[in-house]
Every structure is written in structure tokens, then in C-alpha cells.
Amino acid sequence: MSESLPFDSAYRHGFARVAACTIPVAIADPVANADAVLAAARECDADAVAVAVFPELSLSGYAIDDLVMQDALLDGVVAALERIAEASAELFPVLVVGAPLRHRNRLYNCAVVIHRGEIVGVAPKSYLPTYREFYERRWYAAGEPWSGETIRIGVHETVFGTDLLFDVRDVPGLVLHAEVCEDVWVPIPPSSHAALAGATVIVNLSGSPITIARADDRKDLCRSQSLRCLAAYAYAAAGMGESTNDVSWDGQTMIYEGGTLLAETERFPDGPRRSVADVDLDRLRQDRLRQGTFDDNRLRHPHDFLTVELFLEPPASDIGLRRPLDRFPFVPDDPARLDQDCYEAFNIQVSGLEQRMRAIGSPRPVIGVSGGLDSTHALLVIARAMDRMGRPRSDILAYTMPGFATSDHTKSNAIALAEAIGASIETIDIRPTATQILEGIRHPFADGEPVYDVTFENVQAGVRTDFLFRLANQNGGFVVGTSDLSELALGWATYGVGDHMSHYTVNSGVPKTLIQHIIRWVIAHSASEESGTSLTQTAKDVLQSVLDTEISPELVPAGQDGKAQSTQDTIGPYALHDFTLFHVLRYGFRPSKIAFLAEHAWRDKDAGAWPPGFPAEDHYAYDRAEIVRWLRVFLQRYFGFAQFKRSAIPNGPKVSPAGSLSPRGDWRAPSDGNARAWLAELTSALPDLND
């Protein structure tokens, strides 16, 4: 993070803008090709692009065969590079262009790195295809590591080798490495060693001609390399203008980051095209930090690299954010991906519960059902597990336990759903027992005073859980917990003898924002083999009613306005809390960066995609002040309060790749921690919004 930059700058928050450019090539015409490179470079400059990569041999054309040995052409390439270097003095981006260059007594197929008026390095192609349609060894020599000698290009003298890193010192984490086309098709690409040595942004200058399905192969390679190397991978292929003697070209460009596609352009374009994306350098650094085997691999395969230092002077302005950004990071916007995620999440929960029940003698599952999201979903998981075990659903012991604020709506939903599912359902009124406890501890409510404090709430939660455990004892059962990942993050559970405790919990790995989508998925797939949870129309109607109900613990009676107790009015919107949870748990991001991302994701309800199932009339937005307000609540609760509850949670399956909060799994933290460092960082970044 560069604290000297304003909060609105993406470069302050660990991003670097990268462009993969394809341009119309003029065969064996370095002057025209330099014009095209500079035109695209100026557009990249206007877009505040840090690194722009162009296709292989973009200054000469790739498919020029023996013309590449002609001095007139090679002299023209040198002149074109000098011209681009001179023009780059006024441009922001680091430019990586393809050129054939003479060195020693050979010709090399090179990636030439240019910045601020200088040619700062030349990376020759390591692997030269000479099979099928390729004949590169006829003209070029394979690149070698830097030997200590330089290459001269006109008036410029610079380093030459396959082992060059370009470290942009004023964009922390931006370390560039260039490889050329075939280099990524071999079992151990040069970029693998470069990534282990510190490269975070890898660019590939490609002249790959197109045949059927080759575009998919390229995408697989780029995706895989970015994932294995925990790096960004920008790929630019030759397109329009190349010779079509015997092959054709599609101008494919794309940018991947850690296996995720950030941007791509259409193929077979009718002019220049650019894939532009803001690469998250913090994410890559955090991934490498967390995956210790990444550095272990470096120790097993040591390679020396030469580092060239560069300085960009990133713009101190709001340049926007050019990358896909989910409002709901636990919930994909793509319908097919969401369908797959729901399928996997539901079956992970079912499989975990089934295995636990088999392991302990197939007890009768005991569950408290409230008519809310979490207990509804847990009941669906139990029903499917019972089906898979060949056991009757009537063995499910479901209990609705109305308290002082339980509404007829939620109670009737709980009963109707249990009956429709085929579970055994009973109602136990907890008010007499809760009243007796309140009287015993001399709580003001027992004397008729409307005191609805935390004791009043927790007595009810504790009585419910106590009933469930004793009922499990009585009926040869075990208690299935319902608390979800979001509630565990916030500590929104009554500790010990309360909804915090159970014999096994099926929802502890599922965030609140995902649960509603899994329920929708179960409804949609109730007759299929994927879900297997057979539902009547009545059950589907009740599930929809649950989805439409305000999230509430229903522990405090409605106020004079008749409005029921609302969880989100008290602790904040789960949409924002889950957004923060994802970026804290998965990446360990700074609070200021999370605020920056949340603002870009949430400030305009009409921008970007929403997950399937969100009607347009229900779209909403949050401004910076509201985002920061609830971010502070999250930080205080997550780091300064809730860990003692997470340190003692029951077993439950991990579901999300972002992580779980089990002290035996992804998250280990001291129960007596505090939130001071996180709150201070946020206050320092946004002092005007300090409470």
C-alpha cells in the first residue's frame, strides 16, 4: 500500500493495471508496426496502465519467414525500438514489445521491455518450436540466462537474458517477467522459476496461429500457469495483418490472476483490441504467504535472477477499478457457477452429517426449528441425509419452541415445513420455564417491567438449547446445530447453553448470504438426483415464505410501531458483513482496502451483476459512510469480541474455499485478542469517517 496516494486511487490499495494488446500487423514494416504500438501505448497511458504487453515479433510480424534475416528489416526494427523508447519518455506504462534482434552471431526472438525513454531489458525466447507448422530454429537461437554481457540496440545498451525480473519499486509487489509464446507450452515454463524468484505479473508475447480448439488450450495453459504460480498472467496473441500463407490468426488476449479470468477480448478482431484489468498484487502476495509450499518449492529449485529496478510514479487520482468484483463474494453472479456451488455446498453438508450419524450409531437427529433461514436449511440437510441412509424422515425430532416474541408467522412456517418434510414435530412453549428462571434471578421482567436486555434474550436461547439436549438424551438422539458462518464471525450466538452449542453443526461453514441461494437451489432441484430432497408443493411454498421473512432472533417483543426485532438493524447488513468476512478470512486484507472494494461493489445498485434470484426491485446500495460504519462493527466484533465463542464451537464441515472459523481448521486466534490495529488502520485511511 502507498499511503502517499489518495484513498480513491486503486494503486494505493495494492492494484496494478495491466493490458494485453493485439494490434494489426504490417508484414515486414517496422515503421507501421511502431505506429500501431505507440497508438495503443498512448491509449494505455490515458488509462493509467502500468504494464502493456504486445504480441510476439510485433515490430516485424511473426510469419515473415526468411525475410527476418534481411538487414533492411532488422535495421528497421532497431530504429523502431529507438523511436518507441524515445516516445515512452512521456508515457506511464512499461511497454513489452516483440522484436527479432541480432546478438553475438545469432538472431533472437525477443521481448523488449521499454520504459520512460529507456530499453530496460531484453528477454529472448527460451523454447523454439520446430514441429508441425513451426520452423523457428531455422532463424533463431534459443535464449539463455543473463551471462553478464549486454546487448546493444542502436544507442541503447541493456541486459539480455531469460532470467530477468523487473521490480517496480513504487508499486509494491509489482514484479514483471516476460516469456514468449512456446515458453508456456513446455512442462516447466521459464515463468515458473520466475514466479518462485518473485515475479507476480507474467506477460506472454505470442505469435500462436489459430486452429480449431487451440484458443481453449491457450486459456487452459494461462489459467493453469497463473494458478500454479500464484501470479497474474497476461497473454497477447498476433492477429489481423499476419501472413496467411498456410495459417490464420485470431488476436486472442486475456489476463488471468491466480486462476481467475479477469479480462479477455473477442477473437478475430477487425482492429486493435486490449484486455485491461487491475491485478490484485495483495491477493497474490497473501496467497504465497499462506501457501508455504510455494516457497518450499523455490528452495527445491533454486534459480538466480537479475532484478532491474523501475519507478512508475503511479497516478494520484481515482482511476476506477477494472476487474470483476462480486457484491456477494460467497455467491457467484454466473448462474451455472452458482448452481454448481449450491450443489457442492449442500452435498458437503449432507455428507458430513451422514458420516457423523453413521459413526455414532445412527441417532435420531434433534433440531429446533424457528421458521428462520438457518434452521430451515439445516432441516433440509437432515432430511436429505436421512434419505441417503435409508431412514424414515419421521425419525427427525423437530421442535418449535415459541418464546416471548415468537410470531405466529414464523411458528406456523416451522410447523408447516416440518410436517411437509415428514419430520416429527412438537411444540414446547418455553415461556413458563424462562419465566421461572427470570424470577429466580430476580430479573425486572419477572415483576412486569419491560426490560429486554441481553439476559432476557439469553435466558430464552439457553432454555431452548437445554430442552434440545435433554430431549436428545431422552430419545437416543443428538442435537444438530443451525448457526451459520456469518453468525460465528460476529459472535451472534448465545454462548455455551445457547444456540452456540450442539452435538454437530451443519451450517457452520456456510455464510448467511449463501444459505438463501442453497434453499432456492433445493427448491429448484427437489425432483432431481442432484438434490434428492423430495419436496411437496406445500414444502416449496413454505420455503419461499421463509426466504421472504425478515431475519430476526425473535427474542424481544415488537415495539410500539409493531416492528419485529431485526438482526440486521442491530448488528448491520449481512451483505456487508459477509463481504468483509470473505476478504478478512481468505486474504487478510487491510480494512481500508476492504472499504475501497466494498464501495466499488456497493455504491451503485444498477452497476454490475447481481446473483440469480434477486428481483430488480430489491436491489440496494451502500455509501462510503455506511460501509465504514458497519465495517467498524465487524472489526470490533470479529477481532475484539467473538473469538472465545469460535474457540469452542462444535464440529461441522468446511464448505467455502474462503475458509472456515473452526479452531481446528482454517482459523486459530487468541480468545483474548483485540481489534485496535485494524480499527487504527481504518481510521488512519479515512479520518473524516472516524466515529
Side-chain angles (χ1 to χ4, degrees), residues 1-21 38-53 87-96 114-117 166-176 200-201 203 232 234 255 257 262-263 274-285 309-325 327 583 589-604 606-608 621-628 631 681-690:
M1 180 181 70
S2 177
E3 294 184 356
S4 62
L5 295 173
F7 180 84
D8 292 319
S9 170
Y11 280 96
R12 176 193 171 105
H13 298 286
F15 293 100
R17 187 159 293 174
V18 174
C21 311
L38 286 172
R42 292 185 179 104
E43 291 179 354
C44 290
D45 175 72
D47 272 350
V49 168
V51 177
V53 57
S88 74
E90 304 300 322
L91 300 176
F92 175 63
V94 177
L95 306 176
V96 188
I114 300 170
H115 188 238
R116 297 293 193 198
F166 301 89
D167 186 354
V168 181
R169 299 308 301 272
D170 54 353
V171 181
L174 176 53
V175 181
L176 174 68
T200 55
V201 175
V203 296
I255 302 172
E257 174 192 284
L262 298 185
R274 295 179 297 144
S275 290
V276 180
D278 291 331
V279 169
D280 193 340
L281 302 171
D282 286 343
R283 176 206 167 175
L284 300 174
R285 174 179 49 79
E309 292 188 353
L310 304 177
F311 291 87
L312 278 181
E313 299 178 8
S317 59
D318 184 356
I319 62 169
L321 189 64
R322 300 274 288 270
R323 63 184 281 117
L325 184 59
R327 287 180 174 86
H583 291 99
F589 283 163
R590 301 175 183 88
S592 61
K593 177 165 183 165
I594 296 172
F596 174 82
L597 290 170
E599 185 174 3
H600 278 272
W602 283 102
R603 64 187 174 187
D604 183 355
D606 297 321
Y622 299 107
D623 61 20
R624 180 181 294 180
E626 195 166 10
I627 288 167
V628 172
L631 177 53
E681 194 278 338
L682 184 60
T683 298
S684 175
L686 292 166
D688 294 342
L689 294 178
N690 184 22

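Only heavy atoms go into these numbers, but all of them, side chains included; no hydrogens, no water, no symmetry mates. Residues take their numbers from the sequence shown, with the count starting at 1. None of these values were measured; they are calculated from a predicted model.
Counting all heavy atoms, side chain and backbone alike, Arg274 lies closest to Cys21 at CG-SG, 3.7 Å. Contact between Ala16 and Tyr11 at its shortest, heavy atoms only, is CA-CE2, 3.8 Å. Taking all atoms of both residues into account, the shortest heavy-atom contact from Ala87 to Leu38 is CB-CD2, 3.6 Å. For Leu91 against Ala41, the heavy-atom pair with the smallest separation is CD1-CB, 3.9 Å. Here the closest non-hydrogen pair linking Ala234 and Val18 is CB-CG1, 3.8 Å. The minimum heavy-atom distance linking Val171 with Pro314 is given by the pair CG2-CG, 4.2 Å.
Of the possible polar contacts, none joining the Tyr622 side chain to the Ala598 backbone as a donor-acceptor pair under 3.5 Å is found. Between the side chain of Ser275 and the main chain of Ala19, no donor-acceptor pair closer than 3.5 Å is present. In this structure a side-chain-to-backbone donor-acceptor pair under 3.5 Å is missing from Ser88 to Ile114. Side-chain atoms of Arg17 come within 3.5 Å of backbone atoms of Ile319 as a donor-acceptor pair (strictly under, hydrogens ignored). Between the Glu681 side chain and the Arg590 main chain, no donor and acceptor come within less than 3.5 Å of each other.
Other residues, nucleotides and ligands contribute only 12 or fewer heavy atoms inside 6.0 Å of the CZ atom of Arg169.
The distance between the ring centers of Phe589 and His13 does not fall below 6.0 angstrom.
Put simply, CG on Asp280 and CG on Asp278 are 9.5 Å apart, with the number rounded to the nearest 0.5 Å. For the atom pair Leu631 CG and Ile627 CD1, the distance stands at 9.0 Å (nearest 0.5 Å). Expressed to the nearest 0.5 Å, how far CZ of Phe596 lies from CG of Leu686 amounts to 11.5 Å. Here the CZ atom belonging to Phe92 is positioned 11.0 Å from the SG atom belonging to Cys44, to the nearest 0.5 angstrom. Note that CZ of Phe311 and CG of Asp170 are 6.5 Å apart. Values are rounded to the nearest 0.5 Å. In this structure, CD on Glu599 lies 11.0 Å from CG on Leu321, to the nearest 0.5 angstrom.
Listed by first and then second residue, the side-chain hydrogen bond (donor to acceptor under 3.5 Å, both in side chains) pairs that reach into residues 313-325 are Glu257-Arg323, sequence neighbours excluded.
Residues Leu176 and Val168 have side chains not in contact (no heavy-atom distance under 4.5 Å, counting atoms from C-beta outward). With a 4.5 Å cut-off on side-chain heavy atoms, Leu174 and Leu312 count as touching. A 4.5 Å side-chain heavy-atom check between Asp167 and Leu310 finds every atom pair outside the cut-off. With a 4.5 Å cut-off on side-chain heavy atoms, Val51 and Val279 do not count as touching. Looking at Leu597 and Leu325, their side chains come closer than 4.5 Å, going by heavy atoms from C-beta outward.
Salt bridge status for Asp8 with Arg624: present, with a side-chain N to carboxylate O gap under 4.0 Å.
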Candidate pair Arg285 and Asp282, rule salt bridge (Lys or Arg N to Asp or Glu O under 4.0 Å), full reasoning: CA-CA 5 Å; Arg285 174 179 49 79; Asp282 286 343; 3.0 Å; yes
